[in-house]
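These notes concern the structure reproduced below.
FYI, side chains are in, hydrogens and waters are out, and symmetry mates aren't considered; it's all heavy atoms of this structure.
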There are 2 protein chains.
Amino acid sequence: MKAAKKPVISARKSPRQRRSTQLVEDILEAATRVLSREGAQRFTTARVAEAAGVSVGSLYQYFPNKEAILFRLQTDEWQRTGELLHSILADSSLAPLDRLRATVKAFFLSEWDEASLRIALGDAALNYREAPEVQEHRKAGLQRSLRFLGEVLPNASTKERRFAADVVMTTLSVVGKKVSEQSRSKAEVEAWSEAMGEMLCAYLSRLMTGL
Amino acid sequence: MKAAKKPVISARKSPRQRRSTQLVEDILEAATRVLSREGAQRFTTARVAEAAGVSVGSLYQYFPNKEAILFRLQTDEWQRTGELLHSILADSSLAPLDRLRATVKAFFLSEWDEASLRIALGDAALNYREAPEVQEHRKAGLQRSLRFLGEVLPNASTKERRFAADVVMTTLSVVGKKVSEQSRSKAEVEAWSEAMGEMLCAYLSRLMTGL
DNA sequence: CTAGAATACGAATGATTCGTCGCATTCGCT
DNA sequence: AGCGAATGCGACGAATCATTCGTATTCTAG
């Protein structure tokens with residue numbers, strides 16, 4: 001794979017007047033619609049602009065390129081899901097492993113009911129896979145799950161906990177994605193979420209006793 | 001996602017003379033090189049043809065379109081890996097769960113040492129995700145793993161075994177892909193393969209006792 | 001009210017790519 | 001050798017896109 005030119009992914013300039021603020025919102029909303037309805041392949045600046053009732057030129061006033069729009073959508077999505085999951089994982093009214101099960105279920109259902117958007121976002125992510133911004137978000141997500149693992153594996157070293165967190169979170173996200181990709185019924189998704197919940201709990205249980 | 005025009009993925013015509021047989025081989029070999037070196041994004045018929053020392057026109061004599069070449073590469077890959085994994089999973093000189101561990105390890109290492117090709121093939125797969133041919137291969141792979149699950153879960157119903165096989169195989173393949181995507185050292189990949197081996201074994205063990 | 005800044009527009013540009021078609025060359029066979 | 005079929009060629013048409021830039025419109029401060 002040859003080195004590609006470095007992509008700019010951050011925003012171009014901030015809106016200063018009210019109309020332009022609205023314009024950026026319109027663009028993001030339209031981008032979501034286009035992405036979810038047409039798929040990553042057909043996500044083009046022209047289509048987004050049209051769906052937003054805005055001209056391409058205006059779009060480029062606030063986003064340096066197409067990827068920036070996609071990355072923004074992805075970031076917002078990560079934000080939302082991250083908060084959802086973390087709130088469940090931190091809820092101390094349940095036993096730790098039950099929290100994990102609940103988290104898995106919530107995640108799978110959330111992926112499921114926005115499947116077309118999530119799938120398209122995933123497809124689009126190929127374009128900025130190696131961007132440092134992505135690594136940042138990944139690390140941040142891992143960080144947040146570390147508190148939970150401290151609870152479950154109090155005797156493990158930090159390194160071991162980091163690794164376990166990585167394994168659990170990666171498995172969760174990647175299987176969740178795959179499952180929602182194969183458009184299944186809600187019942188099937190729930191069955192999968194239970195299976196994965198059990199699998200992850202079984203793994204952690206083994207680590208708990210085995211360390 | 002709007003419906004796209006149906007893609008033709010099978011071969012166009014079979015070579016009849018020796019030179020054309022050679023030509024097809026050259027094309028496939030070149031396609032592998034291009035895909036692995038340039039990535040899915042830059043995989044174009046022109047580049048493949050040039051790398052093969054062949055004209056685009058000739059290429060289109062034997063492949064109806066670009067996807068057909070990619071799908072052929074993917075199929076060959078599946079064939080090889082499928083056989084590798086199945087041979088390990090069926091080797092009765094080891095305890096079942098140890099066979100599973102060995103399978104996981106073999107799979108992860110195999111993904112790892114051809115990472116750039118596997119990644120690019122995965123990226124390219126977006127274009128024919130829903131093609132029936134893909135489902136076929138998926139089903140076939142699942143089928144082969146069922147014998148193993150019969151050994152491990154003799155008391156489970158066929159339905160339960162099918163589901164468990166799906167869960168295990170999906171998790172395996174999808175995590176393996178992700179891990180090799182984040183170009184890691186061989187040692188890291190081995191650590192992951194052990195972790196996933198343990199995770200899958202822990203899951204199956206729980207099913208064995210829980211049913 | 002008005003000037004100048006901010007914003008919006010969208011046609012034009014340049015780059016890529018897929019797949020085809022008419023013609024040239026080579027092969028296999030008698 | 002010589003004929004018809006198979007094979008190989010690569011310029012070309014058509015399509016799609018990302019991004020820019022000159023111009024028009026709208027806002028805001030004074």
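- Looking at residues two or more places apart in sequence or on another chain, you find a side chain to side chain contact (heavy atoms under 4.5 Å, CB included) between Gln143(A) and Leu146(A), Arg162(A).
- In this structure, Ser58(B) reaches the dC9(D) phosphate: one of its side-chain N or O atoms is under 4.0 Å from OP1 or OP2.
- Proximity of Ser20(B) to the phosphate of dT7(D): a side-chain N or O atom is located under 4.0 Å from OP1 or OP2.
- The interatomic distance linking Ile27(A) (CD1) with dA8(C) (P) rounds to 8 Å, in whole Å.
- Residues passing the side chain to side chain contact (heavy atoms under 4.5 Å, CB included) test with Ala125(A), sequence neighbours excluded: Gln74(A), Tyr128(A).
- Spacing between atom CG of Leu59(B) and atom C1' of dG8(D) amounts to 12 Å, rounded to whole angstrom units.
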Under 3.5 Å, N/O pairs linking protein and nucleotides 12-18 of chain C:
{"from": "dT17(C)", "atom 1": "OP1", "to": "Arg47(B)", "atom 2": "NH2", "distance (Å)": "2.8"}
{"from": "dT17(C)", "atom 1": "OP2", "to": "Arg47(B)", "atom 2": "NH2", "distance (Å)": "3.4"}
{"from": "dC18(C)", "atom 1": "OP1", "to": "Lys66(B)", "atom 2": "NZ", "distance (Å)": "3.0"}
{"from": "dC18(C)", "atom 1": "OP2", "to": "Thr45(B)", "atom 2": "N", "distance (Å)": "3.4"}
{"from": "dC18(C)", "atom 1": "OP2", "to": "Thr45(B)", "atom 2": "OG1", "distance (Å)": "3.4"}

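- In this structure, CD of Glu50(A) is placed 12 Å from P of dC17(D), rounded to the nearest angstrom.
- Residue Ser58(A) holds its OG atom at 7.0 Å from CD1 of Ile27(A), rounded to the nearest 0.5 Å.
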Could you pull out the protein-nucleic contacts involving nucleotides 24-28 of chain C (nitrogen or oxygen on both sides, under 3.5 Å)?
{"from": "dT26(C)", "atom 1": "O2", "to": "Arg19(B)", "atom 2": "NH2", "distance (Å)": "3.4"}

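- For Thr32(A), the side chain to side chain contact (heavy atoms under 4.5 Å, CB included) partners two or more places apart in sequence, or in a different chain, are Leu73(A), Leu117(A).
- In this structure, the side chain of Ser173(A) engages the main chain of Thr170(A) through a donor-acceptor pair within 3.5 Å.
- In terms of the side-chain hydrogen bond (donor to acceptor under 3.5 Å, both in side chains) criterion, residue partners of Asp98(A) (sequence neighbours excluded) are, by chain and number, Arg101(A).
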